[in-house]
Amino acid sequence: MMRTDRLIYGVKWLLDGAAAPVFKMRPRPFGPGYQTVKRGIITSAIDSGLLRDGKELPRGYGLAMDERVVEYPWLFSRLSKVGTMLDAGSTFNHDFLLRRPPFRGADLTIMTLAPEKRCYWHEGYSYVFGDLRNTMFADCVFDTIASISTIEHIGLDNRMLYTGKPEDAESDQDGFVPAVKEFKRILKPGGNCFISVPFGKRDNLGWYQVFDRAMVEKIVETFGPSSHQIDYFGYSRDGWSRQSAAALANATVYDVHTGKGWGDDLAASSRAVACLQLTA
């Protein structure tokens with residue numbers, strides 16, 4: 001069974017890779033070749049330190065790509081030694097990320113709501129399944145916590161993408177608050193918590209929500225950091241770029257599952273993200 005799954009997984013990547021030249025000639029979100037080109041953009045940006053030291057992104061960067069092309073390089077640019085780390089949301093559960101420094105060989109625990117098809121426990125990573133609002137971890141155990149594009153789902157309807165269970169259909173727009181409190185509880189003093197969320201015009205799509213300035217400030221207030229930094233990135237027909245929170249206040253999203261928010265700018269998902277570094 002596992003061999004069949006791996007074979008199908010490999011064939012999908014081969015087919016997508018074969019279609020990459022087509023995507024480069026005619027980029028379309030989630031079209032043939034999308035995943036291969038996206039992975040190439042992300043790894044190149046990480047390896048070159050594209051977002052290190054507040055650098056600006058080149059014009060046209062990540063055209064027709066979702067926000068992962070800025071979130072991953074942003075986080076990697078801030079990590080050197082991660083110590084004992086929690087991936088709160090399983091955003092890094094991909095071989096091309098786990099096998100790169102500083103994750104390769106790290107004391108990394110990946111926590112998400114339900115098991116996923118691919119796990120890398122045989123490479124030394126730990127997996128925990130459960131609710132990030134109430135974890136099993138003791139106080140002050142992690143040096144680093146990263147929760148990338150995760151807390152916007154907490155407290156909302158998680159049946160479609162994650163569990164299919166009726167009890168996971170919630171409608172608590174403040175569901176992210178107890179999760180942020182939990183991050184602070186389990187992080188060591190002086191440790192770093194990295195969080196990213198869709199940003200712009202306030203919206204609730206049922207399965208996730210878009211954070212406005214007041215909600216981002218609520219994250220900071222809830223965590224109560226000793227210091228913090230927030231970077232904002234926006235998407236346009238020219239790709240992704242650094243921008244101010246004010247400039248992105250009316251940014252919208254494209255919901256790939258309903259078609260809401262589609263535009264000729266070829267946005268694949270969020271048109272803005274807020275990336276927070278919170279130091280306990």
Side-chain angles (χ1 to χ4, degrees), residues 2-48 50-51 57-58 60-77 87 89-100 103-104 110 112-120 123 125 146-150 152-153 160-162 196 198 205 207-208 233 235-240 253-273 275:
M2 288 299 292
R3 290 179 180 177
T4 303
D5 176 71
R6 284 199 294 269
L7 177 62
I8 293 172
Y9 179 71
V11 169
K12 284 183 177 178
W13 272 106
L14 282 174
L15 293 174
D16 194 75
V22 177
F23 180 88
K24 290 177 180 177
M25 288 189 294
R26 188 174 181 275
R28 290 291 181 274
F30 304 105
Y34 176 87
Q35 298 297 342
T36 298
V37 174
K38 175 178 158 182
R39 187 168 62 176
I41 291 172
I42 291 169
T43 55
S44 176
I46 292 172
D47 293 344
S48 66
L50 189 63
L51 286 175
L57 291 165
Y61 176 81
L63 180 64
M65 290 287 161
D66 64 73
E67 55 268 34
R68 295 293 185 275
V69 298
V70 291
E71 291 171 321
Y72 286 139
W74 171 81
L75 181 63
F76 273 83
S77 75
D87 171 8
S90 190
T91 316
F92 296 93
N93 190 34
H94 302 283
D95 52 4
F96 78 99
L97 295 173
L98 293 176
R99 291 168 184 166
R100 322 178 75 78
F103 289 158
R104 186 175 55 215
I110 296 172
T112 188
L113 192 57
E116 299 176 334
K117 281 187 177 180
R118 264 157 291 285
C119 292
Y120 301 90
E123 297 186 19
Y125 306 110
S147 188
I148 301 302
S149 278
T150 296
E152 66 267 27
H153 298 280
M160 178 174 64
L161 293 186
Y162 302 107
S196 72
L205 291 81
W207 59 288
Y208 78 96
F233 300 91
Y235 178 85
S236 71
R237 195 64 175 83
D238 293 324
W240 286 92
V253 299
Y254 164 53
D255 185 346
V256 67
H257 296 290
T258 65
K260 176 184 176 182
W262 170 254
D264 59 8
D265 59 356
L266 304 179
S269 184
S270 299
R271 290 186 173 88
V273 289
C275 299

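The structure displayed is predicted, hence computed values, not measured ones.
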Enquirer: Show the nearest heavy-atom pair for residues Tyr208 and Ser269, with the distance to one decimal.
Expert: OH-OG, 4.4 Å
Enquirer: How far does OG of Ser90 sit from CD1 of Ile148, to the nearest 0.5 angstrom?
Expert: 12.5 Å
Enquirer: For a 4.5 angstrom cut-off between non-hydrogen side-chain atoms, does Tyr120 reach Asn93?
Expert: yes
Enquirer: What distance separates Ser147 OG from Asp87 CG, expressed to the nearest 0.5 Å?
Expert: 8.0 Å
Enquirer: Please confirm whether the backbone N or O of Gly40 pairs with a side-chain atom of Ser44, one donor and one acceptor, at under 3.5 Å?
Expert: no
Enquirer: Going by heavy atoms in the side chains, are Leu205 and His257 under 4.5 Å from each other?
Expert: no
Enquirer: Using a 4.5 Å cut-off on heavy atoms from C-beta on, say whether the side chain of Phe233 contacts that of Ser270.
Expert: no
Enquirer: Could you tell me the separation between the CG atom of Asp95 and the CZ atom of Arg118, rounded to the nearest 0.5 Å?
Expert: 9.0 Å
Enquirer: Is any side-chain heavy atom of Leu75 closer than 4.5 Å to a side-chain heavy atom of Ser196?
Expert: no
Enquirer: Counting C-beta onward and ignoring hydrogens, is there a side-chain heavy-atom pair between Arg237 and Leu63 closer than 4.5 Å?
Expert: yes
Enquirer: Can you find a heavy atom in the side chain of Val22 that is under 4.5 Å from one in the side chain of Pro32?
Expert: no
Enquirer: Would you call Lys38-Asp66 a salt bridge at under 4.0 Å N-O?
Expert: yes
Enquirer: Of all the heavy-atom pairs spanning Ser149 and His153, show the shortest one and how long it is.
Expert: O-CD2, 3.8 Å
Enquirer: Write down the atom of Pro21, the atom of Ala18, and the distance for their closest heavy-atom approach.
Expert: CD-O, 3.4 Å
Enquirer: Should we say atom CZ of Arg26 is surrounded by more than 12 heavy atoms from elsewhere, each under 6.0 Å from it?
Expert: no
Enquirer: Could you tell me whether a side-chain N or O of Tyr72 sits under 3.5 Å from a main-chain N or O of Thr91, the two making a donor and an acceptor?
Expert: yes
Enquirer: Of the non-hydrogen atoms in Gly62 and Trp240, which two are nearest, and what is the gap between them?
Expert: O-CD1, 3.6 Å
Enquirer: Can you tell me if Asp238 uses its side chain to pair, donor with acceptor, with the backbone of Gly60 under 3.5 Å?
Expert: no
Enquirer: Please work out which of the three classes, parallel, tilted or perpendicular, describes the rings of His94 and Phe96, given edges at 30° and 60°.
Expert: tilted
Enquirer: Indicate the atoms forming the closest heavy-atom contact of Phe30 with Gln35, along with that distance.
Expert: CD2-NE2, 4.2 Å
Enquirer: Is a side-chain donor or acceptor of Tyr125 paired with a backbone partner of Leu98 at a separation under 3.5 angstrom?
Expert: yes
Enquirer: What about the rings of Phe103 and Phe76, do their centers lie closer together than 6.0 Å?
Expert: yes
Enquirer: Taking the side chain as C-beta and beyond, is there a heavy-atom pair between Met65 and Tyr235 under 4.5 Å?
Expert: no
Enquirer: Which heavy atom in Ala45 sits nearest to a heavy atom in Tyr61, and how many Å separate them?
Expert: CB-OH, 3.5 Å
Enquirer: To the nearest 0.5 Å, what is the distance between NZ (Lys117) and CD1 (Ile8)?
Expert: 7.5 Å
Enquirer: Begin from the C-alpha positions of Thr112 and Thr150 and carry the test side-chain contact (heavy atoms from CB on, under 4.5 Å) through to its verdict.
Expert: CA-CA 9 Å; Thr112 188; Thr150 296; over 6 Å; no
Enquirer: Between Thr36 and Phe23, is any pair of side-chain heavy atoms under 4.5 Å apart?
Expert: no
